[in-house]
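Because the structure is a prediction, the values reported are computed rather than measured. Here is how names work: the chains are called A, B, and so on, in the same order as the sequence lines, proteins then strands, and each is numbered from 1.
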Amino acid sequence: MVMEQFSTERLTRLSGMLKRRGIILPAFEIHGGSAGLYDFGPVGGRLRSKVIGAWLNHWLSLGNIVEISCPTVTPYSVLEASGHVGEFSDFLTECSGCGEASRADHLIEDDYPNSDSMTRDQLSKIIDEKNPTCPSCGKSDWGEIKAQNLMFNTTIGAGKSGRQGFLRPETAQGMFTSFPAIYRHFRERLPFGAVQTGKGYRNEISPRQGMIRLREFNMAELEYFIDPEDEIKHDFSSWKNSVMLIADGRGELEMTLGKAVSEGVIRHPTVGYFMGWTMDFLLSIGINPKWMRFRQHETDEMAHYAQDCWDVELFGSYGWVECVGIAHRGCYDLSAHEKSTGQRLRAWRTYSEPKIEEVDRWTTDGSIAGPAFRELAGKVKQAVELLDKDTSFPVNLSVEGREIQVLSEHVKRLQRTENVAGEWYIPHVVEPAFGIDRIIWHLIDHSFMETEKSGENYNILGFKPTVSPVDVAVLPLFEKDGMKELAENIHRNLCSRKDIFSIYDGSGSIGRRYARADEIGVPWCITVDHESLVDGMVTIRERDTGNQKRIKYEDIDF
RNA sequence: GCGGAUAUGGUGAAGUGGCUAUCACCUGAGGUUUCCAACCUCAUGUCGUGGGUUCGACUCCCGCUAUCCGCACCA
C-alpha cells in the first residue's frame with residue numbers, strides 16, 4: 001500500500017508548521033529540550049482539550065458510564081499487584097564482544113518459554129550455564145544482568161517514612177482500585193463503566209518518532225465491567241460499512257463488525273461493539289477512514305489473561321501506528337487486586353431461582369470449645385468443620401503441631417436447609433484504551449493539506465469544528481474608521497460564549513489573515529467592513545469552501 | 001543503549017579562524033489598500049550547551065543535550 005502523500009519532506013514541513021504556529025513543540029526547548037516530552041502550544045492546548053472533551057462526551061453518551069480521576073502518583077503495591085512491576089522491568093545484559101545490550105529473557109526463551117517471568121537470579125544462573133550466543137556478533141560472554149524499569153520511580157513522603165511509588169504507566173488501575181465506589185454508585189447493577197483521562201508515564205529507553213512514543217503522554221481509558229454469564233446482545237445495525245480487519249491467523253478481511261462478531265472473528269460481542277464506538281469517535285473528530293484498520297493480537301502476543309484484543313491502527317507519516325487497544329481482560333485485574341489486598345472486588349449475582357442447599361456438618365460449640373482450647377479454638381473450629389459428617393467423637397486432631405482431643409461436648413452438628421439467593425463473582429472487563437497524543441498526531445496528519453494558491457504553497461488544517469482549536473477569527477478589513485472597535489467587540493462577545501473561542505487578527509492584509517487562520521484550521525472567519533458600521537452585517541467565510549455570506553452579527557450562530 | 005549524520009533569528013536555509021554574520025519568509029510599527037499570503041519605509045530577533053586549542057572560535061577538537069536515519073528496544 002503506497003501512501004505517497006505521507007512523504008518525509010511533507011513531515012518536515014508539517015513539523016515546522018506545527019512549531020511555527022504553536023501547535024506542537026518540543027518541551028523545555030530553552031533548556032536544550034528533553035526527549036519524549038512535548039508541549040501543546042497556544043493553539044495545540046485547546047486542540048488537546050477539545051479532543052479529550054469529545055472523547056468523554058462520546059463515551060458518557062452510552063448512559064452507564066461515569067468519569068473518575070485518580071492520582072498519577074501510585075504506591076508500589078498497586079502496580080505490583082497489577083503486574084506492572086514485573087512486566088515493566090526488563091533484565092538487560094551486555095555482550096562483552098560488541099557491547100550490545102540484549103534482554104536476558106530473550107536470549108534463553110527458546111529453551112525456557114516462561115523466561116519473561118523469571119527473577120534476575122534465575123536468569124543469571126541459566127545464562128551462566130547455557131552461555132547463549134549474542135544475536136549481533138555471535139560471541140558468548142555476558143556481563144552482569146541489570147534491571148531496567150520502564151516506570152518512573154518516586155518516593156511518596158520524605159526520609160524514612162517515605163514509601164516507594166511510581167508514576168502510573170496507565171490510568172486503568174485507578175478504575176480497578178475504585179471498583180467498590182463505582183459499584184455502589186451504580187446501585188450494584190452491572191454492566192457499567194468508568195472512564196478516566198489523564199497523564200501516563202513510561203521511561204522509554206529511546207523515544208523516537210515525535211509524538212508517537214512519549215515519556216509522558218495523554219491517555220483515555222474506559223473500563224467496562226460485565227457479568228461473564230450474561231448473554232450479551234449488541235445492536236450492530238448502525239455499522240453498515242465493511243471495515244478492514246487483520247484477524248489472527250486469517251489475515252486481512254473486509255467485513256462489517258456485525259458479521260465479524262457473528263462469525264467469531266471478533267471473539268466477544270462487547271469487544272466488537274466498542275470497536276464500533278471507537279470507530280465512530282475517530283471518524284467524528286476527523287480521522288480518515290481510509291487510513292484506519294483493526295488488527296487482532298495474535299494469541300501468543302496477547303497478555304495471558306486477555307481473551308481477545310484488537311488494536312486500531314492509523315496510517316500516517318510514521319506508517320501504521322497502534323493508537324487504540326480494545327482488550328477483553330477477563331477478571332484478571334480485579335482478582336489481582338483482590339488477592340493482593342484481601343478486599344472484595346466482586347459483584348453480586350442473584351440466581352433466577354434460589355438454590356436450596358442442605359447443610360449437614362460439624363462445628364464447634366463456642367461456649368465450651370472456646371474456654372477449653374483457648375488460643376487454638378479458631379484453628380480447632382476450622383479443623384472440625386472439615387470433618388466428615390459421620391465422624392464420631394471423641395476424635396484426635398493435630399492442630400498447629402499439637403495433638404488435640406475433641407470431645408463430643410465441644411461440638412455440635414449443623415443440620416439445616418439453606419436458601420442461597422445468589423453469589424459473588426468477579427466481573428469481567430472490556431477495556432478500550434486510547435493513546436490521545438497518537439490520535440491527535442494522526443488527526444493533524446490526516447487534516448494537513450498542502451495546496452497552491454497563485455503559485456505559492458498554501459497550507460490548510462482541515463479540522464472539524466468539533467476539534468478545531470480556534471472556532472472563529474474576527475478580522476476588521478482595516479483597523480480604522482471604527483472597524484477595529486466593532487471587530488474587537490464582536491470578538492469579545494464571541495469569546496464570552498460557552499464553548500466558543502475566537503481570535504482577533506488585525507495585522508497584515510486580509511488575504512494573509514485568511515491564510516494564517518487556514519493554517520491553524522479555523523473553520524470560520526468573520527470580516528467587518530465599512531458597510532458593517534452602517535448595516536450591522538458582517539461577512540462569514542467558510543474555510544473549506546471559501547464561500548462567503550453576509551449576516552447580522554447578532555445572528556451569528558455555530 | 002549501539003553505530004552514522006546533523007544542530008546558525010519564530011520558520012527554512014547560506015557562510016566565515018579575525019571588520020557590524022547573510023538571505024527569504026514570518027513577526028511588529030507606519031503608510032497604502034473596499035475580501036484570500038499585494039506593495040513601500042522602518043524595526044525586533046540568531047551561531048544548542050559545557051570545556052579545550054588559539055592572541056582571537058559560530059567555524060577546529062572533546063564531552064553533554066537534542067534531532068534525524070539504521071540496529072536494538074517498545075506498542
Check your understanding: Do any N or O atoms from the side chain of T451(A) and from the backbone of Y458(A) form a donor-acceptor pair under 3.5 angstrom?
Key -> yes

Nearest-Å distance for atom pair [atom1]/[atom2], residues [X] and [N]:
X: Q209(A); N: C71(B); atom1: CD; atom2: P; value: 11 Å
X: L11(A); N: G12(B); atom1: CG; atom2: C1'; value: 15 Å
X: L14(A); N: G12(B); atom1: CG; atom2: P; value: 12 Å
X: L150(A); N: C73(B); atom1: CG; atom2: C1'; value: 9 Å
X: R208(A); N: U6(B); atom1: CZ; atom2: C1'; value: 14 Å
X: E9(A); N: C69(B); atom1: CD; atom2: C1'; value: 14 Å
X: I212(A); N: U67(B); atom1: CD1; atom2: P; value: 14 Å
X: E29(A); N: U11(B); atom1: CD; atom2: C1'; value: 12 Å

Exercise for review: Go through G3(B), U67(B), U11(B) for me and flag the one nearest to the K19(A) side chain.
Suggested key: U11(B)

Using atom [atom1] of each nucleotide, how far apart are [N] and [M] to the nearest Å?
N: G9(B); M: G48(B); atom1: P; answer: 7 Å
N: C23(B); M: C62(B); atom1: C1'; answer: 33 Å
N: A66(B); M: U20(B); atom1: P; answer: 36 Å
N: U11(B); M: C73(B); atom1: C1'; answer: 33 Å
N: U41(B); M: U33(B); atom1: C1'; answer: 16 Å
N: C69(B); M: G15(B); atom1: C1'; answer: 26 Å
N: G63(B); M: G1(B); atom1: P; answer: 15 Å
N: G18(B); M: U59(B); atom1: P; answer: 11 Å

Verify the ring-centre separation between [Y] and [X]: is it less than 6.0 angstrom?
X: Y318(A); Y: F6(A); answer: no
X: W291(A); Y: H446(A); answer: yes
X: Y224(A); Y: W59(A); answer: no

Review point. Please walk me through it: do N459(A) and E519(A) pass side-chain hydrogen bond (donor to acceptor under 3.5 Å, both in side chains)?
Key: CA-CA 5 Å; N459(A) 298 330; E519(A) 211 172 43; 2.9 Å; yes

Review point. Any side-chain donor paired with an acceptor under 3.5 Å for H530(A) and D481(A)?
Key: yes

**Study point:** Row check, W320(A) ring normal vs R293(A) NZ/CZ: under 6.0 Å, within 45°
**Key:** yes

Review point. Hey, does the Lys NZ or Arg CZ of R215(A) hover above the aromatic six-ring of Y201(A), less than 6.0 Å from the centre and inside 45° of the axis?
Key: no

**Study point:** Nucleotide-resolved protein contact map, nucleotides 33-38 of chain B, B/S/- at heavy-atom distance under 4.0 Å
**Key:** BBBBBB

Check your understanding: Taking the nucleotide of RNA chain B with the closest heavy atom to each, which residue, P207(A) or T12(A), is nearer the 5' end?
Key -> T12(A)

Check your understanding: Heavy atoms under 4.0 Å, any strand shown: does S34(A) hit a base, just sugar-phosphate, or nothing?
Key -> sugar-phosphate

Check your understanding: Taking 4.0 angstrom as the limit, do R10(A) and D445(A) come out as a salt bridge?
Key -> yes

**Study point:** Member of R168(A), Q196(A), H337(A), E221(A) meeting the side-chain hydrogen bond (donor to acceptor under 3.5 Å, both in side chains) criterion with Q173(A)
**Key:** H337(A)

Revision key, fill the gap. Symbol by symbol from the 5' end, with Watson-Crick or G-U pairs under 3.5 Å, [ ] crossing and | another strand, RNA chain B is (((((((..((((....[...)))).(((((.......)))))....(((((..]....))))))))))))....

